[in-house]
Each structure stands twice: as structure tokens, then as C-alpha cells.
Trainee: 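Got a structure for you, questions after.
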Amino acid sequence: MRGFLAVYLRELLIIWHRLPRMLLSFSVSPTLYLVAFGFGLGKNLTVGDRPYLEFLVPGVVAASSMMQGFGINVEINVARFYLRIFEEFQAAPISNWAYVLGEIFGGVTRAFLSTLVILAITALAGINLHFGPVFFLGVFLNAFVFASLGVTSAMLIRSHADQALVTNFIITPMVFLGGTFFPVEDLPAWARWPLKLLPLTHASHLIRSVAYGQAVPVFSLLVLMVLALAGLCLAYLSVDRARD
Amino acid sequence: MTAAVRVEGLVKHYGKISALSGISFEIAEGELFALLGPNGAGKTTTIRILTGLTRPTAGRAFFFGRDIFSSPLYARRLAGLVPQATNLDLELTVWENLLIHGLLFGMSRGRIRERAEELLRFAGLWERRGDRVRALSGGMRRRLLIIRALMHEPRILFLDEPTVGLDPHIRRRLWGLIKQIQARGTTILLTTHYIEEAEFLADRVAFLEQGRIVALDTPQNLMAALGEVAVDLVDDEGLSTRYFRTREEAEREAVKLSRAGKSVTIRRVNLEDAFLHFTGRRV
């Protein structure tokens, strides 16, 4: 337990020391998405019977919490290849679970901060959405899934450059295809089914449904729970791969 | 008495490259043992294996009689590591770096507070405890790195090239610190490629070359194998050295050589002579 606390506390202290800069940087891309697609492109658009902006905000929350959760991999890379702090963890009498969970919760914490920033920005725009416990559960599960994948990829890669490759091929396409900007349901079936395999599609579906005040999509919730568990196991298994 | 560290036939291959070709040694409790050798001799690999950072290809190792590969958490609790690269969290404060280390090693908050204060005062960093590590000089960072490894009171301390790249006066200050740590009963394994560092600090020295130990003894015995006094001779063929049991013998030879028009210097035999003798190359 102390091992988990040590790893997580380190991430919290890093966030704390960088907080103003970090909040500012969290606000940049969501603001751009909201301005460009919400106010600019989608001002007169509606999706279903709702203004496009109300469709967009939950999608941006899902995409942003995914990116910030996954972004823990950058911190781990810096700790591993630049600061070499990772060796402190490897030489410490802590279990791989303690390390993995500490880093995943570091990613989840970032994801929550970025979500709060987006909610603060959208509050100014006066949007009619519900932000209840299941909304935040969705953010949590989504961030957990991607933080665990972030930890896994950080353990498996051998350099910074490899990491950019993973982000470009997996994360960026998911932002655009995983239900952030347009409803996946409106696509033809051949395109819809592959996109339903993306974790982010389920996260944005869950987060959007509860933000609309609709019933909780239980299937998507279950998918995220299973993926979170699978991601955790993958991350756990990958830690020993980083020992040479 | 059970050795603090016992290593038996340690082998490490990286692909086809052999970093360690079966080394064995023992370190008694409270002893300061140095691994001396050129870059690439296998010093760091040895330390990385003993601290759990690298898995060995073959061989066994024991801390106080207990196998460290079958009890890795036991081994990590006993060991403190000062790595070659200064791996501190630059964005965190001095205090926070020690706090995280203490938690990693299962210390209570109260014990962390006590121990961190004691060590910060010991290393002359108490006044800087609230500063970010980024703001510290190289020498201060190195001292912090050493006391961080001491936070959890390790019984065996591994120092990997602790003074590499530091100014001579900072190096001497660290030597003092290392001697003090040993005086408190800690067993120390140190690697270095500075011969004078091993000569000054170590109770026993192992010369490591290309993954093998080529000689292992006290610095005095290693030097005594050559003699007491050395005569360096510079001529058309370069520098060569001859060794003698007594100063009188050396002086007689020196006089003879300088009469023959050669340039000679008389000095005490040092550990570098022994190293060159046993390995046939310079560090």
C-alpha cells in the first residue's frame, strides 16, 4: 500500500508543482475543438433534437480524458529515459501492482483535471447537460483504460520516438473516429461496426447518454469495465519486460 | 561468519555480447569492497544485477546467506543504490525526493521525517530542503543521491562511480562521507575507474577486466606483489617501469640508468602499477 502511495504521491507532486501550466495546457485543445467545431462549424447544426454544441461537449470530455489518461506514458518515458527515476522503483521493495496502479491513478487524476477544465469552460457557454455520478464513473473508466494502455506502451517501447508512433497511429485516429465529433450510429453499417470496437466509442456513448439525462447504456459500461480490468493486467505483465 | 554479500559465478550476456563471464567474490559485513576496471569491464552490470535492475544469465548471489534472486523483495530492502546517473526528480524539492524514497521502502511518515532531517544535516543540505533539486549544484545533487539511498538504512550500499565527473575538492568531501557511512557499520560495494579512489577508500579491491576478475586482494597486498619502490624510465621506446623491494635497490638502478643518459623518476609503487601488472592495460 505504501508503495502505491509513493508512486501516486510522486505523480501528484509533479502535477502540483506544474498545476497552473498544466491547467492552461489542458484547456487549449478542448477550447479549440469547441470553438472550431462547436461555435464555428456547428452553430446552426443539430444532432437528434439537440444543438451540436451539446453533442460535442461530452465527446470532447471523453476524448480529452482519454488523451490525458494515456498521456501518463509521456511522464513515464521522461522518468525512464531522461530522469532515470524508473530505476528507483525497480530497485524498491514494491510489487508491480503498486507501481502500475500508482501510475494509472496518476493518469486518471490528470484526466479528471482536464474534465473539470472543460466543464468550467462550457459552464460559461450555458449548456444544458447533466453531470452526475455515472458521468464521472464514465470518465474514470475511460481514463483508467487508457492510462493502463499508456503504462503498457511506456514499458514496451525502447525510446521516445516509438512513443510518438503509438500516439499517431492509435490515439489520434480514435479522437476523430470514436464518437467525439459525429454520431457513429449515423454511419453505414460497414463503417459503424469497426468503430464500435474502439474503446473510445463506448466511452463517449456512455458519457454522452448520461450527460443527456438518458438511461445508462449498460453494455458500454460493461465493455469499459472489462477493458479496464484487461488493461490493468496488460500493464502488470508489461512491467517486468522493462527489466533487462 | 556469513558474508554480507556472496556472488557465485555470475554471468550476463546481452545477445551475443558477454558483459560478465562468471565472477565470484565475497564481501564481509562492514567491509568496503571496490570493483576497479575500465569502462565496459562489467562493474555496472554487477551492481545492476545485485540491486535487481538486471536479470543475470547465470549464477547465484546471497545477502547474509539468503538467495537474492528467489527473495527479491528481501534483497531490495537490504540494499541501497547510488546509481551512476544522478536520477533525482528535478521538479520536486529535496525533501520530497527523500519522502518518496522513504514511502517506497515502507517507512512510516514519522520515521521518514526523523531520518530525512538527520541525513540532510549529515550531508549539509538541511538549509536547502525546500528547494527544487533543479536549483542544486552538481556536488549537492550527488550528496542528495547518496543520502537518499541511505534513507531506509540499508545494510549494504552500492555506489556506482560515485564521484565521476566531480571537482577534486568535492570528490574528497564525498570520500569523507563514504568513510563515515562505512564507520557506521554499512557494508559498501563501490565501483570506480579512478584508481586513487579505490586505493584511498577500499579495504579490498577486485580488478575487473572484460567481465572477469583478474586479481582480488587488499590494495597493500596487490601493490606488494610488485615491490615497494618503482623507477619510471623514459627512453626512445617510451615509458617503462621497474619495481624494487627496497629504496636502496631502486636508487642504485636509477643512478646506473641516469649515468647512461636516461631520464628516470623514483616513486612509491601505487595501485595503478598493480592494476597494469595484472591486467596489462591502463584504466
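Note that the coordinates shown come from a computational prediction; the quantities given were computed from them, not determined experimentally. Atom set for the values below is all heavy atoms of this structure, side chains included, hydrogens, waters and symmetry mates excluded.
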Trainee: Give, as side chain, backbone, both or neither, the part of A:Tyr99 having an atom under 4.5 angstrom from any heavy atom of chain B.
Mentor: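 For A:Tyr99, no heavy atom lies under 4.5 Å from chain B.
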Trainee: Looking only at atom types and distance, does a side-chain atom of A:Arg2 sit under 3.5 Å from a main-chain N or O of B:Leu103, one as donor and one as acceptor?
Mentor: no
Trainee: Please check if atom CZ in B:Arg109 has more than 12 non-hydrogen atoms from other residues, nucleotides or ligands closer than 6.0 Å.
Mentor: no
Trainee: Among B:Thr51, B:Leu81, B:Leu92, which residue has the highest count of heavy-atom pairs closer than 4.5 Å to chain A?
Mentor: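 Max contact count across the listed options: B:Leu92.
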Trainee: Using every non-hydrogen atom in the two residues, find where B:Glu91 and A:Arg21 come nearest and quote the distance to one decimal.
Mentor: OE1-NH2, 3.9 Å
Trainee: What part of B:Leu88 gets closer than 4.5 Å to chain A, counting heavy atoms only: side chain, backbone, both or neither?
Mentor: backbone
Trainee: With a 4.5 angstrom heavy-atom cut-off, is it the side chain or the backbone of B:Thr86 that approaches chain A, or both, or neither?
Mentor: backbone
Trainee: Please report the interatomic distance CG(B:Leu90) to CD1(A:Ile85), rounded to the nearest 0.5 Å.
Mentor: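 With rounding to 0.5 Å, CG (B:Leu90) is 7.5 Å from CD1 (A:Ile85).
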Trainee: Within the supplied structure, the quantity of interest is the number of heavy atoms (other residues, nucleotides, ligands) at a distance under 6.0 Å from A:Trp16 CH2; does it exceed 12?
Mentor: no
Trainee: Determine whether B:Glu96 and A:His17 make a side-chain contact, defined as any pair of heavy atoms from C-beta on separated by less than 4.5 Å.
Mentor: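 Yes, their side chains come closer than 4.5 Å.
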Trainee: Taking A:Ala98, A:Gly3, A:Ala91, A:Gly102 one by one, which has the highest count of heavy-atom pairs under 4.5 Å against chain B?
Mentor: A:Ala91
Trainee: Against chain A, label B:His101 side chain, backbone, both or neither, depending on which of its atoms sit under 4.5 Å from a heavy atom there.
Mentor: both
Trainee: Once you round to the nearest 0.5 Å, how far does CZ of A:Phe4 lie from CG of B:Leu104?
Mentor: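 Taking CZ in A:Phe4 and CG in B:Leu104, the distance rounds to 12.5 Å.
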Trainee: Yes or no on side-chain contact (heavy atoms from CB on, under 4.5 Å) for A:Ile94 and B:Leu73, after CA distance, side-chain angles and deciding distance?
Mentor: CA-CA 7 Å; A:Ile94 61 169; B:Leu73 295 187; over 6 Å; no
Trainee: Taking all non-hydrogen atoms of both residues, which atom of B:Asn87 and which atom of A:Glu87 are closest, and how far apart?
Mentor: ND2-CB, 4.2 Å
Trainee: Of the listed residues (A:Pro93, A:Ala6, A:Ser95), which shares the most heavy-atom pairs with chain B below a 4.5 Å separation?
Mentor: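 The option with the most such pairs is A:Pro93.
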Trainee: Is there a side-chain contact (heavy atoms from CB on, under 4.5 Å) between B:Arg148 and A:Glu88 once you walk through the steps?
Mentor: CA-CA 10 Å; B:Arg148 184 185 66 181; A:Glu88 259 280 278; 3.5 Å; yes
Trainee: Taking all heavy atoms of B:Ile100 and all of A:Leu13, pick out the closest pair and write down the distance.
Mentor: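 So the minimum-distance heavy-atom pair works out to CD1-CD1, 4.0 Å.
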Trainee: Could you tell me whether B:Arg141 atom CZ has more than 12 heavy atoms of other residues or ligands within 6.0 Å of it?
Mentor: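 Enclosed.
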Trainee: Taking atom CZ as the centre, does B:Arg212 end up with more than 12 heavy-atom neighbours from other residues, nucleotides or ligands that are less than 6.0 angstrom away?
Mentor: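 No, the 6.0 Å shell around CZ holds no more than 12 heavy atoms from other groups.
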Trainee: Does OH belonging to A:Tyr82 count more than 12 external heavy atoms closer than 6.0 Å?
Mentor: no
